[in-house]
Amino acid sequence: MDKHDWLATQFEAERPRLRVVAYRMLGSLSEAEDAVQEGWLHLSRSDTTGIGNLGGWLTTVVARICLDMLRSRKSRREEPVGLVVPESGREGQDRIDPEQEALLADSVSQALLIVLDTLSPAERLAFVLHDLFDVPFNEIAPIVGRSETAARKLASRARSRMREAGRGKEADDPGSRAVVEAFLKASREGDFDALLALLDPDVVLQADHAAVSGGAPGEVRGARAVARQFSGRARGVQPALVNGAVGAVARRGQHVLVFQLTITSGKIVEITMVADPEHLRHLDLVLLDSGIERAP
(Lines give C-alpha, C1' and ligand atoms only; values in the text may rest on other atoms or scores of the structure.)
Protein backbone atom coordinates (compact mmCIF):
# COMPACT_ATOMS: atom_id res chain seq x y z
CA MET A 1 0.00 0.00 0.00
CA ASP A 2 1.50 3.38 -1.02
CA LYS A 3 1.44 6.49 1.18
CA HIS A 4 -1.66 8.01 -0.45
CA ASP A 5 -3.70 4.83 -0.05
CA TRP A 6 -2.57 4.49 3.57
CA LEU A 7 -3.61 8.08 4.32
CA ALA A 8 -6.97 7.54 2.63
CA THR A 9 -7.59 4.43 4.75
CA GLN A 10 -6.67 6.27 7.94
CA PHE A 11 -8.85 9.23 7.01
CA GLU A 12 -11.89 7.07 6.28
CA ALA A 13 -11.54 5.53 9.74
CA GLU A 14 -11.66 9.04 11.24
CA ARG A 15 -14.40 10.39 8.93
CA PRO A 16 -17.48 9.45 11.06
CA ARG A 17 -16.05 11.17 14.15
CA LEU A 18 -14.93 14.22 12.18
CA ARG A 19 -18.40 14.48 10.65
CA VAL A 20 -19.98 14.56 14.10
CA VAL A 21 -17.49 17.20 15.27
CA ALA A 22 -18.21 19.36 12.21
CA TYR A 23 -21.97 18.88 12.47
CA ARG A 24 -22.09 19.96 16.09
CA MET A 25 -20.16 23.10 15.16
CA LEU A 26 -22.07 23.94 11.99
CA GLY A 27 -25.56 22.48 12.47
CA SER A 28 -25.73 21.53 8.80
CA LEU A 29 -25.13 18.06 7.41
CA SER A 30 -24.07 19.29 3.98
CA GLU A 31 -21.70 21.91 5.43
CA ALA A 32 -20.28 19.34 7.85
CA GLU A 33 -19.52 17.01 4.96
CA ASP A 34 -17.90 19.88 3.04
CA ALA A 35 -15.70 20.70 6.06
CA VAL A 36 -14.63 17.08 6.44
CA GLN A 37 -13.86 16.78 2.74
CA GLU A 38 -11.74 19.93 2.91
CA GLY A 39 -9.95 18.32 5.85
CA TRP A 40 -9.04 15.43 3.55
CA LEU A 41 -7.66 17.89 0.99
CA HIS A 42 -5.48 19.46 3.68
CA LEU A 43 -4.24 16.04 4.74
CA SER A 44 -3.50 14.85 1.20
CA ARG A 45 -1.43 17.97 0.52
CA SER A 46 0.47 18.00 3.81
CA ASP A 47 3.76 16.51 4.92
CA THR A 48 2.56 13.92 7.44
CA THR A 49 5.94 12.69 8.61
CA GLY A 50 5.79 14.81 11.77
CA ILE A 51 2.17 14.01 12.69
CA GLY A 52 2.15 11.83 15.80
CA ASN A 53 -1.59 11.84 16.48
CA LEU A 54 -3.46 11.83 13.17
CA GLY A 55 -6.90 11.94 14.79
CA GLY A 56 -5.99 14.98 16.86
CA TRP A 57 -4.37 16.69 13.87
CA LEU A 58 -7.49 16.13 11.76
CA THR A 59 -9.75 17.39 14.53
CA THR A 60 -7.72 20.60 14.69
CA VAL A 61 -7.80 21.05 10.92
CA VAL A 62 -11.55 20.43 10.64
CA ALA A 63 -12.17 22.72 13.64
CA ARG A 64 -10.26 25.54 11.93
CA ILE A 65 -12.27 24.99 8.74
CA CYS A 66 -15.53 25.08 10.70
CA LEU A 67 -14.43 28.24 12.51
CA ASP A 68 -13.78 29.96 9.17
CA MET A 69 -17.20 28.82 7.92
CA LEU A 70 -18.92 30.12 11.05
CA ARG A 71 -17.15 33.47 10.77
CA SER A 72 -18.10 33.71 7.10
CA ARG A 73 -21.70 32.92 8.02
CA LYS A 74 -21.72 35.65 10.68
CA SER A 75 -20.17 38.19 8.29
CA ARG A 76 -22.98 37.49 5.80
CA ARG A 77 -25.48 37.91 8.68
CA GLU A 78 -27.18 34.65 7.81
CA GLU A 79 -30.04 33.36 9.90
CA PRO A 80 -29.19 30.47 12.28
CA VAL A 81 -28.85 27.28 10.32
CA GLY A 82 -30.54 24.97 12.79
CA LEU A 83 -31.06 21.45 11.51
CA VAL A 84 -30.36 21.34 7.78
CA VAL A 85 -30.71 18.09 5.86
CA PRO A 86 -29.60 17.98 2.21
CA GLU A 87 -32.51 18.04 -0.19
CA SER A 88 -33.33 15.01 -2.28
CA GLY A 89 -31.34 14.87 -5.48
CA ARG A 90 -28.57 17.20 -4.34
CA GLU A 91 -24.93 16.21 -4.58
CA GLY A 92 -24.68 16.04 -0.79
CA GLN A 93 -27.32 13.34 -0.76
CA ASP A 94 -25.01 11.10 -2.75
CA ARG A 95 -22.13 11.69 -0.36
CA ILE A 96 -23.96 11.11 2.92
CA ASP A 97 -25.63 7.80 3.58
CA PRO A 98 -29.30 8.34 4.61
CA GLU A 99 -28.86 6.17 7.70
CA GLN A 100 -25.81 8.20 8.69
CA GLU A 101 -27.86 11.37 8.19
CA ALA A 102 -30.48 10.15 10.62
CA LEU A 103 -27.94 9.10 13.25
CA LEU A 104 -26.10 12.39 12.92
CA ALA A 105 -29.25 14.47 13.14
CA ASP A 106 -30.33 12.54 16.25
CA SER A 107 -26.99 13.30 17.92
CA VAL A 108 -27.83 16.99 18.33
CA SER A 109 -31.21 18.30 19.42
CA GLN A 110 -32.81 21.18 17.56
CA ALA A 111 -32.87 23.15 20.82
CA LEU A 112 -29.11 22.74 21.27
CA LEU A 113 -28.45 23.91 17.73
CA ILE A 114 -30.60 26.99 18.23
CA VAL A 115 -28.69 27.95 21.38
CA LEU A 116 -25.33 27.21 19.76
CA ASP A 117 -26.26 29.60 16.96
CA THR A 118 -26.48 32.44 19.50
CA LEU A 119 -22.81 32.00 20.44
CA SER A 120 -19.89 33.70 18.75
CA PRO A 121 -17.88 31.39 16.46
CA ALA A 122 -15.02 31.23 18.97
CA GLU A 123 -17.37 30.51 21.89
CA ARG A 124 -19.13 27.82 19.91
CA LEU A 125 -15.89 26.13 18.93
CA ALA A 126 -14.44 26.24 22.46
CA PHE A 127 -17.63 24.84 23.96
CA VAL A 128 -18.13 22.09 21.39
CA LEU A 129 -14.52 20.90 21.38
CA HIS A 130 -14.04 20.96 25.16
CA ASP A 131 -17.45 20.13 26.63
CA LEU A 132 -18.65 17.71 23.96
CA PHE A 133 -15.39 16.15 22.74
CA ASP A 134 -13.00 16.62 25.69
CA VAL A 135 -10.34 18.46 23.68
CA PRO A 136 -8.00 20.20 26.17
CA PHE A 137 -7.85 24.00 26.22
CA ASN A 138 -4.15 24.07 25.36
CA GLU A 139 -5.12 22.56 21.99
CA ILE A 140 -8.18 24.79 21.54
CA ALA A 141 -6.28 28.03 22.24
CA PRO A 142 -4.23 28.12 19.01
CA ILE A 143 -7.30 27.26 16.91
CA VAL A 144 -9.19 30.34 18.13
CA GLY A 145 -6.04 32.45 18.32
CA ARG A 146 -6.31 33.09 22.06
CA SER A 147 -4.40 32.18 25.18
CA GLU A 148 -5.36 29.04 27.09
CA THR A 149 -6.95 31.20 29.79
CA ALA A 150 -8.96 33.12 27.20
CA ALA A 151 -10.09 29.83 25.61
CA ARG A 152 -11.35 28.70 29.02
CA LYS A 153 -13.31 31.94 29.34
CA LEU A 154 -14.86 31.42 25.91
CA ALA A 155 -16.11 27.99 26.91
CA SER A 156 -17.29 29.31 30.29
CA ARG A 157 -19.33 32.08 28.65
CA ALA A 158 -20.83 29.58 26.23
CA ARG A 159 -21.67 27.24 29.10
CA SER A 160 -23.43 30.08 30.92
CA ARG A 161 -25.51 30.85 27.83
CA MET A 162 -26.48 27.19 27.57
CA ARG A 163 -27.55 27.14 31.22
CA GLU A 164 -29.60 30.31 30.81
CA ALA A 165 -31.31 28.81 27.77
CA GLY A 166 -32.04 25.65 29.75
CA ARG A 167 -33.62 27.66 32.57
CA GLY A 168 -35.73 29.51 30.06
CA LYS A 169 -36.89 26.20 28.58
CA GLU A 170 -37.86 24.94 32.02
CA ALA A 171 -39.86 28.10 32.71
CA ASP A 172 -41.74 27.65 29.43
CA ASP A 173 -42.52 23.98 30.15
CA PRO A 174 -43.68 23.58 33.76
CA GLY A 175 -45.23 20.22 32.90
CA SER A 176 -41.78 18.64 32.54
CA ARG A 177 -41.32 18.29 36.30
CA ALA A 178 -44.66 16.50 36.61
CA VAL A 179 -43.63 14.08 33.85
CA VAL A 180 -40.32 13.31 35.56
CA GLU A 181 -41.88 12.83 38.98
CA ALA A 182 -44.56 10.56 37.51
CA PHE A 183 -41.86 8.57 35.71
CA LEU A 184 -39.80 8.10 38.88
CA LYS A 185 -42.90 7.10 40.86
CA ALA A 186 -43.91 4.53 38.21
CA SER A 187 -40.35 3.23 38.16
CA ARG A 188 -40.15 2.75 41.93
CA GLU A 189 -43.56 1.08 42.06
CA GLY A 190 -42.87 -1.16 39.08
CA ASP A 191 -45.92 0.22 37.22
CA PHE A 192 -44.98 -0.93 33.74
CA ASP A 193 -48.09 0.48 32.03
CA ALA A 194 -47.57 3.88 33.61
CA LEU A 195 -43.98 3.89 32.39
CA LEU A 196 -45.11 3.08 28.86
CA ALA A 197 -47.62 5.93 28.99
CA LEU A 198 -44.84 8.40 29.81
CA LEU A 199 -42.33 7.18 27.20
CA ASP A 200 -42.33 8.07 23.54
CA PRO A 201 -42.62 4.87 21.43
CA ASP A 202 -39.19 5.61 19.94
CA VAL A 203 -37.51 6.72 23.16
CA VAL A 204 -33.72 6.23 23.37
CA LEU A 205 -31.79 5.44 26.56
CA GLN A 206 -28.05 6.09 26.41
CA ALA A 207 -25.26 5.96 28.98
CA ASP A 208 -21.71 7.28 29.09
CA HIS A 209 -18.74 4.96 29.56
CA ALA A 210 -18.66 5.44 33.34
CA ALA A 211 -22.34 4.54 33.71
CA VAL A 212 -21.84 1.49 31.48
CA SER A 213 -18.91 0.42 33.67
CA GLY A 214 -21.29 0.63 36.62
CA GLY A 215 -23.77 -1.75 34.99
CA ALA A 216 -25.94 0.53 32.85
CA PRO A 217 -26.76 -0.52 29.28
CA GLY A 218 -24.92 1.36 26.56
CA GLU A 219 -28.02 2.04 24.48
CA VAL A 220 -31.64 0.86 24.57
CA ARG A 221 -34.32 1.85 22.05
CA GLY A 222 -38.09 1.63 22.21
CA ALA A 223 -40.61 2.27 24.99
CA ARG A 224 -41.05 -1.33 26.15
CA ALA A 225 -37.31 -2.03 26.30
CA VAL A 226 -36.61 1.21 28.18
CA ALA A 227 -39.52 0.63 30.56
CA ARG A 228 -38.07 -2.78 31.44
CA GLN A 229 -34.79 -1.08 32.40
CA PHE A 230 -36.55 1.19 34.91
CA SER A 231 -39.44 -0.90 36.20
CA GLY A 232 -39.04 -1.57 39.92
CA ARG A 233 -35.98 0.68 40.18
CA ALA A 234 -35.17 4.39 40.70
CA ARG A 235 -35.33 4.13 44.50
CA GLY A 236 -33.57 7.17 45.88
CA VAL A 237 -33.49 8.93 42.52
CA GLN A 238 -34.44 12.57 43.00
CA PRO A 239 -35.78 15.12 40.48
CA ALA A 240 -33.28 17.87 39.71
CA LEU A 241 -32.58 20.70 37.33
CA VAL A 242 -29.74 19.61 35.05
CA ASN A 243 -28.35 22.66 33.26
CA GLY A 244 -31.73 24.25 33.85
CA ALA A 245 -33.85 21.42 32.41
CA VAL A 246 -35.73 18.90 34.55
CA GLY A 247 -33.88 15.63 35.02
CA ALA A 248 -32.94 13.42 37.95
CA VAL A 249 -29.99 12.57 40.19
CA ALA A 250 -29.04 9.45 42.15
CA ARG A 251 -26.33 9.73 44.80
CA ARG A 252 -24.91 6.70 46.56
CA GLY A 253 -21.96 7.55 48.73
CA GLN A 254 -19.41 9.37 46.60
CA HIS A 255 -20.95 8.15 43.34
CA VAL A 256 -23.37 10.38 41.40
CA LEU A 257 -25.52 9.35 38.44
CA VAL A 258 -27.35 12.05 36.50
CA PHE A 259 -30.32 11.42 34.21
CA GLN A 260 -30.72 14.04 31.50
CA LEU A 261 -34.21 13.81 30.00
CA THR A 262 -35.62 15.28 26.82
CA ILE A 263 -39.39 15.74 27.02
CA THR A 264 -41.62 16.60 24.08
CA SER A 265 -45.39 16.98 24.28
CA GLY A 266 -45.50 15.29 27.68
CA LYS A 267 -43.49 12.25 26.54
CA ILE A 268 -39.91 11.32 27.39
CA VAL A 269 -38.08 10.95 24.07
CA GLU A 270 -34.49 10.60 25.31
CA ILE A 271 -32.72 9.66 28.55
CA THR A 272 -28.97 10.11 28.93
CA MET A 273 -27.19 8.66 31.97
CA VAL A 274 -24.04 10.53 32.98
CA ALA A 275 -21.60 9.21 35.60
CA ASP A 276 -18.20 10.36 34.33
CA PRO A 277 -16.76 12.74 36.99
CA GLU A 278 -15.24 15.01 34.36
CA HIS A 279 -18.59 15.40 32.59
CA LEU A 280 -20.44 15.80 35.88
CA ARG A 281 -18.13 18.67 36.77
CA HIS A 282 -19.57 20.70 33.91
CA LEU A 283 -23.22 20.12 34.84
CA ASP A 284 -25.22 22.69 36.78
CA LEU A 285 -27.28 20.58 39.23
CA VAL A 286 -30.08 21.82 41.48
CA LEU A 287 -31.96 19.19 43.49
CA LEU A 288 -35.74 19.57 43.58
CA ASP A 289 -37.62 18.81 46.78
CA SER A 290 -40.27 16.21 46.03
CA GLY A 291 -40.48 14.11 49.16
CA ILE A 292 -38.85 11.19 47.37
CA GLU A 293 -36.90 8.84 49.58
CA ARG A 294 -33.23 9.81 49.37
CA ALA A 295 -30.49 7.34 48.56
CA PRO A 296 -28.29 6.40 51.53
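Everything quoted here is computed from the prediction, not taken from an experiment. Numbers here simply count residues along the sequence, with the first being 1.
- Side-chain atoms of Arg124 come within 3.5 Å of backbone atoms of Met25 as a donor-acceptor pair (strictly under, hydrogens ignored).
- Of all heavy-atom pairs between Ile143 and Ala63, the closest is CD1-CB, 4.1 Å.
- A salt bridge links Asp131 with Arg159: at least one charged nitrogen is closer than 4.0 Å to a carboxylate oxygen.
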Could you walk me through whether Glu123 and Lys153 satisfy the salt bridge (Lys or Arg N to Asp or Glu O under 4.0 Å) test, starting with their C-alpha distance in whole Å, then the side-chain angles of each, then the deciding distance to 0.1 Å, before giving a yes or no? CA-CA 9 Å; Glu123 288 172 339; Lys153 290 181 179 178; over 6 Å; no
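- A donor-acceptor distance shorter than 3.5 angstrom exists from the side chain of Thr9 to the backbone of Asp5, with no hydrogens or angles considered.
- Closest non-hydrogen pair, Ala158 versus Leu119, comes out as CB-CD1, 3.7 Å.
- Grouped by direct or indirect side-chain proximity (heavy atoms under 4.5 Å, Ile/Leu/Val/Met/Phe/Trp/Tyr only), Leu196 sits with Phe192.
- Closest approach of Val62 to Ala22, counting heavy atoms only: CG1-CB, 4.0 Å.
- Atom CZ of Arg152 and atom CZ of Phe137 lie 5.5 Å apart (nearest 0.5 Å).
- With Lys267 contributing its side chain and Pro201 its backbone, the two residues share no donor-acceptor pair below 3.5 Å.
- Sorted by first then second residue, the ring-ring contact (aromatic ring centres under 6.0 Å, His included) pairs that include residues 223-252, not counting sequence neighbours, are Phe183-Phe230.
- The side-chain heavy atoms of Val204 and Gln206, taken from C-beta on, include a pair separated by under 4.5 Å.
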Please tabulate, for side-chain N and O atoms in residues 45-56, each donor-acceptor pair with protein atoms closer than 3.5 Å (sequence neighbours left out).
from, atom 1, to, atom 2, distance (Å)
Ser46, OG, His42, O, 2.4
Asp47, OD1, Thr49, N, 3.1
Asp47, OD1, Thr49, OG1, 2.8
Asp47, OD2, Thr49, OG1, 3.3
Asn53, OD1, Gly55, N, 3.3
Asn53, OD1, Gly56, N, 3.0

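- In this structure, the side chains of Ile263 and Val180 come closer than 4.5 Å at one or more pairs of heavy atoms.
- Nearest heavy-atom pair, Leu257 versus Ala275, reported as atom, atom and distance to 0.1 Å: CD1-CB, 3.9 Å.
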I would like to know whether Glu189 and Lys185 meet salt bridge (Lys or Arg N to Asp or Glu O under 4.0 Å); could you show each step before the answer? CA-CA 6 Å; Glu189 296 177 355; Lys185 180 176 183 292; 3.1 Å; yes
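- A continuous path of hydrophobic side-chain contacts links Phe259 to Val179 [ILVMFWY only; heavy atoms under 4.5 Å].
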Run the side chain to side chain contact (heavy atoms under 4.5 Å, CB included) check on Cys66 and Leu125 step by step: do they pass? CA-CA 8 Å; Cys66 290; Leu125 183 141; 5.5 Å; no
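- Interatomic distance, OG of Ser156 versus CZ of Phe127, reported as 11.0 Å (0.5 Å rounding).
- The backbone N or O of Asp276 sits less than 3.5 Å from a side-chain atom of Asp208, completing a donor-acceptor pair.
- Ser44 places a side-chain N or O within donor-acceptor distance of the main-chain N or O of Leu41, the cut-off being under 3.5 Å.
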Given side chain to side chain contact (heavy atoms under 4.5 Å, CB included), test Val269 with Asp202 step by step and report yes or no. CA-CA 7 Å; Val269 299; Asp202 298 318; over 6 Å; no
